[in-house]
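Let me begin by presenting the structure, written as structure tokens, before commenting on it.
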Amino acid sequence: MLEYQENLLAKYYALNGHEVTIITSTIRSIQDYYHDRDPGRGSRQEERTDHARVIRLPFRYNILHRIKIFESISNIIEEEAPDLLYFHDIIPNILEGVRYVKRHPDCAMIMDYHADISNSGANWASRYILHGVIRKWILDRARPHLKKIFPIVPAGFDFLRTYYDVTDAEMELLPLGTDQDYARAVLASDARQRIRARLGIEESDLAIFTGGKLTPLKRTEDLLMAVNGLDDTSIHIIVAGAGDPTLSDYLAVIERHSANRPNIHMAGWQDRSGVYDLMAAADLAIFPASQSVMWQQSLGMGLPLIVGEETELQRGVQTVGYLNRHDNLIILDPSRPFSAQIAEHVRRLADDRARLAAMAAGARRTAAEILDYNAICTTTLRYSSAKSGI
């Protein structure tokens, strides 16, 4: 289900004529990734995809699953002789990149950043030791050699300012994007008709997409309760995702609100094509809480969004206004019950299809302007005259 940023960057760099090498871990399973079950042991592996050379390295050290150091990448960098070094977050191996660009000043080095207060810094030790001392020590040595640091969400700017003393001039937003080429192909296919026919959704019905890993943080039950409360079987919910078996109490809540409801379709865990097909069948996407790349994927598929930026279960506010460029998004009010708000918005949009269509057009415009990986790749390449890259 996950649409990894590095995979799509590699695809679009390659489509734009660049050579790409990815250095990554030996973790392959999505579930192992989620649960951090694979410590990255084993030996070096190498493969070739349609778009990149992929080198998988074990970790030399994996300290409490918080500080992970790959085996040395210096020889790989020397062999590749890149024009652009792109690092994913603050990892100790970035210091090997620093040594390379010192010797090869024509090579540009950039870094994206995925942490913010909602997903990192859960306690004092994390904020002020892991981030404020250990990782800051690493980043302080890399900063003079980084052409740009790219937080993927606005909250990442605040986190870097607060715990790393990074200045605004050093940063630029680089949002998670969508595979627009793939989205257009799915939208041009029979996916919408095929999925709706399979699920018993009439073309005149309103179909809502939601999904991801079903946990209390996502508040999926609020969406289920909202639609159930409307008592209108022409309004459907398509849920792409599965729950953590250890959260049996929460899964029982989801089951209670979805069982014996012909207009609620629990599609289970999906691969990439399954997610896009289900999105093609929908008219609207709703994610009550906990940001996900599915927000961007939904916009890329032309779906208006209803999302929650803030709940009592999460740290911080997941500011999402940057995705609302053309009135394509509704943000839930954290001071009011989500289920009641969602019901109001769904009823209004179900009754006002012109408004829904305008929001869908806005979603497509937003995706084309800031979420297309062609544009995202161009943003990163501004800092290098790259003919190749890592």
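Side chains included, hydrogens not; waters and symmetry mates left out as well; all remaining heavy atoms used.
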Tell me whether the rings of [X] and [Y] are parallel (<30°), tilted (30 to 60°) or perpendicular (>60°).
| X | Y | result |
| --- | --- | --- |
| W295 | F287 | tilted |
| Y128 | Y163 | perpendicular |
| Y113 | Y164 | perpendicular |

Cluster link [X] to [Y], ILVMFWY, side chain under 4.5 Å:
| X | Y | value |
| --- | --- | --- |
| L160 | I138 | yes |
| V239 | M225 | no |
| V253 | I237 | no |

Find out whether [X] and [Y] are in side-chain contact, i.e. whether some heavy atom of one side chain is under 4.5 Å from a heavy atom of the other.
| X | Y | answer |
| --- | --- | --- |
| D283 | D205 | no |
| I195 | L199 | yes |
| R256 | E221 | no |
| V346 | L230 | yes |
| C107 | L84 | no |
| I90 | M111 | yes |
| P82 | I77 | yes |
| F150 | T379 | yes |

Could you tell me if [Y] and [X] have a donor-acceptor pair between their side chains, going purely by distance under 3.5 Å?
| X | Y | result |
| --- | --- | --- |
| T26 | Q45 | no |
| N328 | T366 | yes |
| Y383 | E172 | yes |
| T178 | Q296 | no |

Side chain to side chain contact (heavy atoms under 4.5 Å, CB included) for L299 and L371? Distances and angles first, verdict last. CA-CA 9 Å; L299 293 175; L371 303 181; 3.9 Å; yes

What's the separation between atom [atom1] in [X] and atom [atom2] in [Y], rounded to the nearest 0.5 Å?
| X | Y | atom1 | atom2 | result |
| --- | --- | --- | --- | --- |
| E309 | Q291 | CD | CD | 9.5 Å |
| I94 | R135 | CD1 | CZ | 12.0 Å |
| E80 | T21 | CD | OG1 | 3.0 Å |
| H265 | N263 | NE2 | CG | 6.5 Å |
| E78 | I73 | CD | CD1 | 11.0 Å |
| M359 | L305 | CE | CG | 7.5 Å |

Ignoring hydrogens, what is the shortest heavy-atom contact between [X] and [Y]? Give both atom names and the distance.
| X | Y | value |
| --- | --- | --- |
| G243 | L251 | CA-CD2, 3.5 Å |
| L329 | N324 | N-OD1, 3.0 Å |
| A282 | I208 | CB-C, 4.3 Å |
| P175 | I376 | O-CD1, 3.4 Å |
| H131 | S120 | NE2-CB, 3.7 Å |
| R365 | H326 | NH2-CE1, 3.0 Å |

When you look at D179 and Y276, which way does the side-chain hydrogen bond (donor to acceptor under 3.5 Å, both in side chains) test go after all the steps? CA-CA 10 Å; D179 191 343; Y276 274 93; 5.9 Å; no

Residues in salt bridge (Lys or Arg N to Asp or Glu O under 4.0 Å) with K147, at least two apart? none

ring-ring contact (aromatic ring centres under 6.0 Å, His included) with Y100: which residues, sequence neighbours excluded?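 Expected list: H104.
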
May I ask you to decide if [Y]'s main-chain N or O and [X]'s side chain share a donor-acceptor pair within less than 3.5 Å?
| X | Y | answer |
| --- | --- | --- |
| R325 | Y322 | no |
| N228 | L224 | yes |
| S258 | I264 | no |
| T380 | C377 | yes |
| E47 | R53 | no |
| D116 | F159 | no |
| R141 | W137 | yes |
| R196 | E202 | yes |

Is the number of heavy atoms from other residues, nucleotides or ligands under 6.0 Å of D351 CG greater than 12? yes

More than 12 heavy atoms from other groups under 6.0 Å of CZ on R347: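 Correct, the count exceeds 12.
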
R44 vs E71, test: salt bridge (charged side-chain N to carboxylate O under 4.0 Å, His left out). Steps then yes/no. CA-CA 9 Å; R44 169 173 163 162; E71 290 185 353; over 6 Å; no

May I have the step-by-step check of side chain to side chain contact (heavy atoms under 4.5 Å, CB included) for L332 and V307, ending in yes or no? CA-CA 6 Å; L332 298 172; V307 299; over 6 Å; no

Stepwise salt bridge (charged side-chain N to carboxylate O under 4.0 Å, His left out) test for R355 and D327: CA-CA 10 Å; R355 168 71 176 140; D327 197 22; 2.9 Å; yes

Between R219 and F338, is NZ or CZ placed under 6.0 angstrom from the six-membered ring centre and within 45° of the ring axis? yes

Hey, mind stepping through D190 and Q193 against side-chain hydrogen bond (donor to acceptor under 3.5 Å, both in side chains) and telling me if it holds? CA-CA 6 Å; D190 67 345; Q193 294 76 20; over 6 Å; no

Taking the basic N atoms (NZ, or NE/NH1/NH2) and the acidic carboxylate oxygens, is any pair closer than 4.0 Å for [X] and [Y]?
| X | Y | answer |
| --- | --- | --- |
| E203 | R192 | yes |
| K11 | D181 | no |
| R194 | D277 | yes |

Check against side chain to side chain contact (heavy atoms under 4.5 Å, CB included), I201 and I238: CA-CA 10 Å; I201 304 173; I238 302 171; 4.1 Å; yes

I'd like to know whether the aromatic ring centres of Y373 and Y13 sit less than 6.0 Å apart in this structure.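 No: the rings miss the under 6.0 Å criterion.
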
From the options R161, R143, K148, select the one residue that forms a salt bridge (charged side-chain N to carboxylate O under 4.0 Å, His left out) with E170.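 So, applying the salt bridge (charged side-chain N to carboxylate O under 4.0 Å, His left out) to E170 and each of R161, R143, K148, only R143 qualifies.
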
